[in-house]
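Just so it is clear, the structure is predicted and the values come from calculations on it, not from any experiment. As the structure lists them, so they are numbered: ligands from 1, and atoms in each ligand from 1.
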Amino acid sequence: MSLKNWDNKTWLSSQDYINSFNNFLIKQIKFNKNSKILDIGCGRGKIIGSLSSKLKLKKMPIGIDIEKHKNRDKRIILKNEDAIKFFKNNKKEFDLILLKQSIHFFKFKDIKKLISLCKKSLSAKGKIIIFTLETNKNEIPAFSLMKKKLNKSMVRQKKIIKFLSNSSPGNVKKKFSFKVKISKKKYVKMIKNRYISTLLKLQQSEIIKGIKEIEKKYKEKIYFNDKLICLILRK
Ligand SMILES: C[S@@+](CC[C@H](N)C(=O)[O-])C[C@H]1O[C@@H](n2cnc3c(N)ncnc32)[C@H](O)[C@@H]1O
């Protein structure tokens with residue numbers, strides 16, 4: 001099963017979230033109209049599509065995703081392929097290579113390969129910006145089994161961040177946080193749609209049991225902070 005419902009009508013696809021995320025990116029990089037952007041695991045590409053409009057980019061940003069998502073952003077060039085494969089024929093240089101909540105999909109040996117390929121494709125002042133879920137004080141609403149799986153995934157994401165920080169001198173770590181307010185009804189629907197990768201492998205019966213837990217545990221409106229760790233690497 002693949003990740004088709006990640007940002008399908010959730011806070012992750014809201015203009016509020018996209019604006020706030022892009023404002024964060026703008027603080028990290030000195031963009032101009034000629035900036036070249038690559039987004040690895042871009043999903044529908046709404047984030048870089050919106051960034052492109054905001055910056056009035058001359059060159060359309062490129063997004064890579066192995067999944068063919070419906071309702072994709074038309075303001076980007078979408079490459080429907082594996083990220084490592086993309087670099088085989090790539091001769092372009094980028095000022096920003098973004099990996100937002102996508103690095104944990106790669107095996108460890110592929111992460112090493114991917115980051116080294118990314119570094120080769122950076123412009124002189126270019127930056128690779130990697131976002132993963134905040135591993136320590138994560139607030140994602142979860143039922144017990146989901147929490148267990150999330151924690152396991154966090155351990156791996158923590159290892160990835162540690163490895164990348166250790167192997168990239170001069171890296172910078174930041175945090176991004178977005179206040180989410182969502183109805184329990186909508187969040188239950190997201191769980192039903194297995195919006196996050198930790199839910200993909202669960203049995204249907206485990207999802208149903210989990211939803212019952214969420215129904216009991218939360219009030220009509222759910223409030224939490226969607227927190228991300230941001231790791232910035234240079235060439
Ligand atoms: C959790 S989603 C994040 C989407 C988007 N970056 C965002 O934050 O809204 C992860 C995305 O990575 C994509 N992905 C996973 N493995 C990939 C690979 N090997 N090459 C390219 N994309 C990949 C998935 O299809 C999925 O769309």
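Considering every non-hydrogen atom in both Lys181 and Tyr223, the closest pair reads CG-CE2, 3.5 Å.
When non-hydrogen atoms are compared, ligand 1 lies under 4.0 Å from the side chain of Phe106 (C-beta onward) but not from its backbone.
Distances shorter than 4.0 angstrom occur between a heavy atom of His69 and an atom of ligand 1. Under a 4.0 Å heavy-atom criterion, Leu12 is not in contact with ligand 1.
More than 12 heavy atoms of other shown residues, nucleotides or ligands fall within 6.0 angstrom of atom NZ in Lys127.
The side-chain tip of Lys46 does not point at the ring of Tyr17 from less than 6.0 angstrom away and within 45° of straight on. For Lys100 and Phe21, the positive end sits near the middle of the six-membered ring, less than 6.0 Å away and at most 45° from its axis.
The N/O atoms of Asp82, backbone and side chain alike, include one that comes under 3.5 Å of an N/O atom in ligand 1. Distances between N or O atoms of Ala83 and those of ligand 1 include at least one value under 3.5 Å. Considering backbone and side-chain atoms together, Gly41 places an N or O closer than 3.5 Å to an N or O of ligand 1.
Each of the following atoms of ligand 1 lies closer than 4.0 Å to a heavy atom of Gln101: 1 (C), 2 (S), 3 (C), 10 (C). Of all atoms in ligand 1, listed by their number and element, those nearer than 4.0 Å to a heavy atom of Lys100 are 3 (C), 5 (C), 6 (N), 7 (C), 8 (O), 9 (O). Ligand-side atoms of ligand 1 in range of Ser102: 12 (O), range being under 4.0 angstrom from any heavy atom.
The closest heavy-atom contact to atom 17 (C) of ligand 1, among the options Ile66, Ile84, Leu133, Thr10, comes from Ile66.
Counting only N and O atoms by type, the side chains of Asn23 and Lys54 include a donor and acceptor under 3.5 Å apart. No hydrogens or angles considered: a donor-acceptor pair under 3.5 Å links the side chains of Lys119 and Ser168.
Taking the six-membered ring wherever Trp is involved, the centroid distance between the rings of Phe143 and Tyr218 does not fall below 6.0 Å.
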